[in-house]
Amino acid sequence: MLPRERILTIARKEKWGNQQEFLLSSISLVLSYGNIWRFPYLCYKNGGGNFLIPYLICLMIVGLPMFLLEIAMGQYSCEGGITVWHVFAPRFKGVGISSAISCFLLNIYHVMILAWGFHYLIASFTYELPWSSCGNSWNTPNCDNNAEDYLESGNVTTNSNSLSTASEYWEHRVLGLDPNKDVEHLGTVRWELALTLLLSWIIVCACLWKGIRSLGKVSYLTATVPYLLLVFLLILGFTLEGAADGIRYYLTPDVTAIIRPQVWLDAATQVMLSQAVGLGCLTALGSYNRSNRDFVKDVKWIALVNGVTSFVAGLAMFSLLGFLAHTEGVSMSEVVRSGVGLVFTVFPKALSLLQWAPFWSIIFFSMLVLVVLGTHLVIFEGLITAVVDSFPQFFYVGYRRQALLIGIATFSYFVGLFMVTNGGLYVYELFEHYCFNGIILFWISFFQIAAIAGFYGESSIDTLLGCSPNCPRTWLRFCWKYLTPIFLGFMLLLSVWFYEPLTDYYGRPYPMWAHVIGWNLALPAFLSIIFYYVCYESSRPVKIESEKMKPLFP
């Protein structure tokens with residue numbers, strides 16, 4: 001059997017096909033569904049246009065420094081998210097393990113958004129949208145064509161006892177939810193969703209079958225077409241009656257909001273989620289770069305695209321919401337909400353009121369499917385790269401990498417079947433609340449930056465700063481050594497302080513056993529950093545000083 005170093009030398013001859021593929025794949029990662037439904041809602045919730053100030057500040061002192069750090073680590077070492085720590089700080093390999101665990105759990109439930117999106121996309125190919133009227137087999141006596149749901153304390157409730165047609169379609173036709181049953185009564189599998197979930201995993205595996213060679217080609221689609229479709233929706237929104245009220249509601253500043261700690265926590269969390277830091281995905285993308293690539297220029301474009309996308313998506317989405325509020329004769333506060341309720345009840349309702357409604361529904365859900373697919377492909381590839389690089393002697397032989405791909409996808413599909421039952425949304429919310437939140441990302445990122453700046457020392461910083469002649473060395477050095485870790489630690493404390501217990505879709509608290517399951521899912525990501533560090537130090541009889549790293553460029 002070939003030694004590990006020789007196998008990596010052979011395997012790592014595979015690089016991005018061209019310079020555009022890395023850039024487009026990174027854009028696909030940051031162009032997430034959070035840009036469509038989370039960022040606009042946070043702007044509305046936290047002071048309108050004023051929210052852009054804390055968002056941009058968090059982007060400069062946390063988002064970009066962490067983004068650059070992870071890509072630089074991957075490009076220098078040519079390693080995935082776990083084995084990259086063999087090069088930089090072996091005692092902190094637990095950081096990479098935590099990232100892989102979080103990535104694995106995210107990989108299981110994130111694909112459900114893709115499955116729901118496929119369901120709505122397929123249903124849109126009709127003469128009349130099925131959620132546009134009552135009188136269908138899934139409708140109840142409470143169905144009302146003129147009813148509109150509203151948001152109360154972050155949970156979905158309804159005006160009086162009526163449900164809008166789109167809400168009834170989502171709850172009864174798609175999910176099969178029963179308001180009288182909770183997470184303890186999952187019910188049976190919804191076979192239509194099981195099939196769209198299977199379709200989602202087949203597409204994901206097909207797109208990643210050849211690794212970055214296929215991912216790079218698919219990124220031309222997932223990183224470009226959504227923008228074209230978003231422009232269509234933006235132009236449509238601007239032409240609708242009531243759009244100006246929606247946009248005004250979206251951007252009206254609240255000067256007092258910026259001093260609230262919750263606003264800064266929301267801004268920092270949105271930056272971490274949208275930049276996908278702390279998951280090892282960026283390290284995997286950087287590991288396929290050529291050693292002399294000037295990735296700083298790429299990151300500037302990626303950050304610009306991410307910020308502009310979030311802002312423009314907010315304009316498009318709130319113009320539709322303004323049109324819906326105007327048409328239904330209700331206030332904007334009654335149609336604005338966050339999460340899946342915004343995408344699968346409010347927007348479908350607004351689209352159903354348009355002329356040529358099926359066409360615009362196809363445009364919207366095609367954009368959603370491509371956005372979620374692009375993000376999920378990079379997340380899954382980051383996980384595969386981390387595992388394969390940890391055992392190169394085994395996986396860089398024949399089709400074993402593809403077997404790993406199919407194995408993880410198959411396991412994730414069968415776990416995902418719990419999320420396509422009648423109470424599957426409760427399982428999805430359990431995963432989302434505990435497995436991928438700001439606390440975990442702040443925790444992983446804090447130890448990552450502390451390991452590089454505090455434990456490895458100046459040699460690693462000097463090496464990573466040698467990325468390009470245009471690298472902002474002074475700013476990055478100050479951020480990596482002082483500003484970013486301090487800010488991450490403060491945000492970690494805030495996220496614990498403002499932590500809210502999980503409630504279900506109807507606002508009911510989860511039972512204690514469900515919280516225990518959730519924390520057991522999340523604990524490995526928290527404990528592996530400390531556990532590995534203790535085991536590593538206790539197994540070393542003599543402290544060995546690390547050699548100074550060679551500069552990235554001679």
Side-chain angles (χ1 to χ4, degrees), residues 30-70 151 154 246-278 299-300 302-318 332-333 336-339 342 436-446 448-449 472 475-476 478-480 482-500:
V30 301
L31 180 61
S32 64
Y33 63 89
N35 297 98
I36 298 175
W37 75 47
R38 195 171 189 274
F39 181 84
Y41 173 75
L42 290 177
C43 280
Y44 148 73
K45 172 188 172 185
N46 294 306
N50 277 7
F51 181 72
L52 297 176
I53 298 176
Y55 177 80
L56 291 175
I57 293 175
C58 292
L59 183 66
M60 293 299 296
I61 64 179
V62 177
L64 290 181
M66 292 301 301
F67 201 100
L68 282 165
L69 176 68
E70 292 195 23
L151 185 73
I247 295 173
R248 188 181 305 112
Y249 198 75
Y250 168 46
L251 295 177
T252 298
D254 178 4
V255 295
T256 62
I258 198 172
I259 63 175
R260 297 200 297 262
Q262 182 67 54
V263 175
W264 289 89
L265 178 59
D266 286 342
T269 303
Q270 175 63 18
V271 167
M272 299 290 286
L273 295 175
S274 63
Q275 297 288 107
V277 297
V299 172
K300 292 178 181 178
I302 294 168
L304 177 63
V305 168
N306 184 36
V308 171
T309 302
S310 298
F311 181 74
V312 173
L315 293 177
M317 300 306 111
F318 267 78
M332 278 294 298
S333 61
V336 178
R337 72 173 65 125
S338 182
L342 180 64
F436 188 62
N437 54 45
I439 299 178
I440 289 180
L441 293 183
F442 290 136
W443 175 266
I444 295 175
S445 299
F446 173 79
Q448 182 176 15
I449 192 72
W475 167 65
L476 279 180
F478 179 72
C479 286
W480 287 349
Y482 306 109
L483 192 56
T484 303
I486 292 174
F487 190 82
L488 285 173
F490 182 66
M491 288 297 109
L492 179 61
L493 295 177
L494 274 184
S495 60
V496 174
W497 180 264
F498 286 102
Y499 173 81
E500 296 180 357

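Since this is a predicted model, take the numbers as computed values, not measurements.
- Taking both residues in full, the closest heavy atoms of L64 and A303 are given as CD2-CB, 3.3 Å, listed atom of the first, atom of the second, then distance.
- The two residues G278 and S445 have their closest heavy-atom pair at CA-OG, 4.0 Å.
- Within a 6.0 Å radius of OH in Y499, other residues, nucleotides and ligands contribute more than 12 heavy atoms.
- Residues that satisfy the side chain to side chain contact (heavy atoms under 4.5 Å, CB included) test with L273, not counting sequence neighbours, are R38, T269, F436, L441.
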Which donor-acceptor pairs under 3.5 Å do the side chains of residues 484-492 make with protein atoms, sequence neighbours left out?
{"unit_1": "T484", "atom_1": "OG1", "unit_2": "I61", "atom_2": "O", "d": "2.7"}
{"unit_1": "T484", "atom_1": "OG1", "unit_2": "C479", "atom_2": "O", "d": "3.1"}

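- In this structure, W475 and M60 have side chains that are in contact, with non-hydrogen atoms separated by less than 4.5 Å.
- Under the 4.5 Å side-chain criterion, counting only non-hydrogen atoms from C-beta, L265 is in contact with F442.
- Residues L59 and P65 approach most closely at O-CD, 4.0 Å, considering heavy atoms.
- When side chains are defined from C-beta on, V30 does not count as touching S274, because their heavy atoms never get closer than 4.5 Å.
- Residues meeting the side-chain hydrogen bond (donor to acceptor under 3.5 Å, both in side chains) test with S310, sequence neighbours left out: N35.
- Rounded to the nearest 0.5 angstrom, M272 CE and I440 CD1 are separated by 11.5 Å.
- In this structure, CD1 on I302 lies 12.0 Å from CG on L31, to the nearest 0.5 angstrom.
- Scored by the ring pair (Phe, Tyr, Trp, His ring centres under 6.0 Å) test, Y55 finds F39 as partners (sequence neighbours excluded).
- If you check the side chains of Q270 and D266, you find no donor sitting under 3.5 Å from an acceptor.
- Considering only residues two or more places apart in sequence or on other chains, L304 meets the side chain to side chain contact (heavy atoms under 4.5 Å, CB included) condition with W301, V308.
- The ring pair (Phe, Tyr, Trp, His ring centres under 6.0 Å) check on F498 picks up nothing, with sequence neighbours excluded.
- Atom CH2 in W480 sits 10.5 Å away from atom CD in Q448 (nearest 0.5 Å).
- Of the possible donor and acceptor atoms, none in the side chain of W264 sits under 3.5 Å from a partner among the backbone N and O of P54.
- In terms of heavy-atom proximity, Y250 sits nearest to L315 at CE2-N, 3.5 Å.
- For the atom pair CD1 of I449 and CG of L69, the computed distance is 4.5 Å after rounding to the nearest 0.5 Å.
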